[in-house]
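A short worksheet on the structure shown next.
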Amino acid sequence: MDIKIIYFDLPFWRAEISRLPLFIANIDFEDFRPSDDEWDYAKENGKMKDGTKIPFSELPVLSINGESVAQTIAIARICGKLGGMYPEDIIEAGKVDQIVVAVENINALLSPSMKESDPIRKKAMRKELASNELPTYLGYLQNILDANNSGWFVGGSMTIADLAVWSLLGWIASGVIDDISAEVIRPFDGLVRLYNEINKNPSVRAWKIKTYDYDKVRDDEYSFGVPDSI
């Protein structure tokens, strides 16, 4: 099977929830991270220079046996199924999907402040997020996690739902989002345990070390200075 995941050279959750299931399952894939010039070409032409179609002029895109599939959750389902991290049961599959969509919703909450150019207004927006919207959503996630009684969001083992939340928490804890710190996560013990459990996974650690060079990432870090525990 010819598999290629196209996304920027970032450890962002939108790509990691598809990259990691393949890596953990030892499934060969091309981890293609376009340069700025390559991405400019793709946006202008609707395809990469090798002909791979980019359906919505946005990433990530999965190319599988020459066919392009776009949109984060669609790609993650395919890679999760291939890697054994997406349930066959339709109800459990729906429960996985709801977590990934919740992560997308949290991402959407952050987007307006990222586009805000006024630093005073941006700071106020981030303060509101850290005080209200983010804790509310994290509380929803914690409740679902607690209700499953396994330490995972769905079933008794790690799925793409867990990877999505783990990667999102790492992004928040990294300190790259000004005025939103890891402190917003600390009250949610279950989410912290999940984050730390995945961080300790040998395959996840191997992925971190393999993918992000030592000039930027120590073997006990993920990226942007994210610690092993939060």
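Computed from a predicted model, the values in this text were never measured in an experiment.
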- Message: Can a donor-acceptor pair be found, under 3.5 Å and without considering hydrogens, that links the side chain of Glu30 to the backbone of Phe32?
- Response: no
- Within-4.5 Å side-chain heavy-atom neighbours: Phe29 and Ile27: no
- Query: Which residue, Thr52, Ile6, Ile54, forms the side-chain contact (heavy atoms from CB on, under 4.5 Å) with Ser68?
  - Reply: Thr52
- Message: salt bridge (charged side-chain N to carboxylate O under 4.0 Å, His left out), that's the test. Do Lys81 and Glu88 meet it? Break it down for me.
- Response: CA-CA 8 Å; Lys81 286 179 179 180; Glu88 293 293 334; over 6 Å; no
- Message: Just so I know, are the side chains of Val69 and Val61 near enough to count as touching, which here means a heavy-atom distance under 4.5 Å?
- Response: no
- Item | Distance in Å, Ile3 CD1 paired with Arg19 CZ, rounded so as to fall on 0.5 Å steps | 14.5 Å
- Query: Can you find a pair of side-chain heavy atoms, one from Val103 and one from Ile17, that are under 4.5 Å apart?
  - Reply: no
- Starting at CD of Glu16, measure out to OG of Ser167 and round the result to the nearest 0.5 Å. 5.5 Å
- Close side-chain approach of Glu197 and Trp166, heavy atoms under 4.5 Å: no
- Quick one: does Asn45's side chain have a donor or acceptor within less than 3.5 Å of a partner on Lys47's backbone? no
- Message: Measuring from atom CG of Asp31 to atom CG of Leu22, what distance do you get when rounded to the nearest 0.5 angstrom?
- Response: 9.5 Å
- Worked check of side chain to side chain donor-acceptor pair (under 3.5 Å) between Asn107 and Trp13: CA-CA 10 Å; Asn107 202 145; Trp13 72 270; 2.8 Å; yes
- Item | Reported CG-to-OG distance for the pair Leu163 and Ser18, which is rounded to 0.5 angstrom | 9.5 Å
- Item | Asn148 (side chain) donor-acceptor with Leu145 (main chain) under 3.5 angstrom | no
- Item | Side-chain donor or acceptor of Asp9 paired with backbone N/O of Arg33 under 3.5 Å | no
- Message: Does any part of the side chain of Phe153, heavy atoms only, come nearer than 4.5 Å to the side chain of Leu194, both counted from C-beta?
- Response: yes
- Are any side-chain N or O atoms of Ser131 and backbone N or O atoms of Glu128, one a donor and one an acceptor, separated by less than 3.5 Å? no
- State the CG-CD1 distance between Leu129 and Ile180, to the nearest 0.5 angstrom. 5.0 Å
- Item | Residue pair Asp162, Tyr195: steps toward the side chain to side chain donor-acceptor pair (under 3.5 Å) verdict | CA-CA 9 Å; Asp162 304 295; Tyr195 177 86; over 6 Å; no
- Check whether any side-chain heavy atom of Met48 lies under 4.5 Å from a side-chain heavy atom of Lys53, and answer yes or no. no
- Query: Under 3.5 Å, is there a donor-acceptor pair between the side chain of Ser63 and the main chain of Lys4?
  - Reply: no
- Item | side chain to side chain donor-acceptor pair (under 3.5 Å) assessment of Asp146 paired with Gln142 | CA-CA 6 Å; Asp146 289 347; Gln142 170 100 30; 3.3 Å; yes
- Query: Looking just at side-chain N and O atoms, do Glu38 and Ser35 make a donor-acceptor pair shorter than 3.5 Å?
  - Reply: yes
- Query: Between Leu134 and Ile106, is any pair of side-chain heavy atoms under 4.5 Å apart?
  - Reply: yes
- Message: With heavy-atom distances below 4.5 Å as the criterion, would you say the side chains of Leu109 and Tyr137 are in contact?
- Response: yes
- In Å, rounded to the nearest 0.5 Å, how long is the span from CG of Leu59 to CZ of Phe8? 4.0 Å
- Query: Can you list the steps and then say if Asp179 with Lys122 is a salt bridge (charged side-chain N to carboxylate O under 4.0 Å, His left out)?
  - Reply: CA-CA 9 Å; Asp179 301 309; Lys122 176 177 282 192; over 6 Å; no
- Task: Please work out whether the ring planes of Tyr7 and Phe12 are parallel, tilted or perpendicular, with thresholds of 30° and 60°.
- Result: parallel
- Do Tyr140 and Asn105 get their side chains close enough for a donor-acceptor pair, meaning under 3.5 Å? no
- Message: Quick test of your reading of the model: are Glu92 and Lys95 salt-bridged, counting only N-O distances below 4.0 Å?
- Response: no
- Message: Can a donor-acceptor pair be found, under 3.5 Å and without considering hydrogens, that links the side chain of Arg126 to the backbone of Asp178?
- Response: yes
- Message: Take a 6.0 Å sphere around CG of Asn65 and say whether it holds more than 12 heavy atoms from other residues, nucleotides or ligands.
- Response: yes
